[in-house]
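Please read these numbers as outputs of a predicted model, since none were measured by experiment. In this chain, numbering begins with 1 at the start of the sequence shown.
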Amino acid sequence: ICRMMIPAVTTLNSNNWRSMTMCEANVTKMELDLIINRLEDAINVCYTAPENPNEEGYPYATGFARSAMQGAVKDLRRLM
């Protein structure tokens, strides 16, 4: 069941542009929640980086956050 009506993409059909919602693209709330959780984890790692300079400091936080953002972009593109 679709609970969201979020504009996702536009498609060209017989020379007419038509908006398509994420519901039509079969995006579930769970998929969006997973993307949000990944980004929230990255934010938390960045906040705790100064407290763990020898174990999970800024270099770790940078790599973790970059990976989370790349994954989020990949997932959002797939959902579009």
Checklist entry - What residue among Leu34, Ile35, Leu32 forms side chain to side chain contact (heavy atoms under 4.5 Å, CB included) with Asp75? => result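 For Asp75, the side chain to side chain contact (heavy atoms under 4.5 Å, CB included) test succeeds with only one of Leu34, Ile35, Leu32, which is Ile35.
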Item to check | Stepwise side chain to side chain contact (heavy atoms under 4.5 Å, CB included) check, Lys74 with Met69 | outcome: CA-CA 9 Å; Lys74 179 181 174 185; Met69 289 183 285; over 6 Å; no
Next on the checklist: A quick test of your reading: do over 12 heavy atoms of other residues, nucleotides or ligands sit less than 6.0 Å from CZ of Arg78?
Outcome noted: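 Atom CZ in Arg78 is crowded, with more than 12 foreign heavy atoms closer than 6.0 Å.
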Checklist entry - Within the side chain of Thr48, is there an N or O that forms a donor-acceptor pair under 3.5 Å with the backbone of Asn44? => result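 It does hold such a pair.
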Item to check | Heavy-atom donor-acceptor pair, Glu31 side chain to Thr28 backbone, under 3.5 Å | outcome: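 Yes, the answer is positive, given that a donor and an acceptor are paired below the 3.5 Å cut-off.
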Checklist entry - Shortest non-hydrogen contact from Leu39 to Ala72? => result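 Closest approach of Leu39 to Ala72: CD2-CB, 3.9 Å.
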Checklist entry - Side chains of Cys46 and Tyr58: closer than 4.5 Å at any heavy-atom pair? => result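 Not touching, per the 4.5 Å side-chain cut-off.
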Checklist entry - Please walk me through it: do Asp41 and Phe64 pass side chain to side chain contact (heavy atoms under 4.5 Å, CB included)? => result CA-CA 9 Å; Asp41 287 344; Phe64 191 95; 4.2 Å; yes
Checklist entry - Can you tell me how far the CG atom of Asn54 sits from the OH atom of Tyr60, to the nearest 0.5 Å? => result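 Between atom CG of Asn54 and atom OH of Tyr60 there are 15.0 Å.
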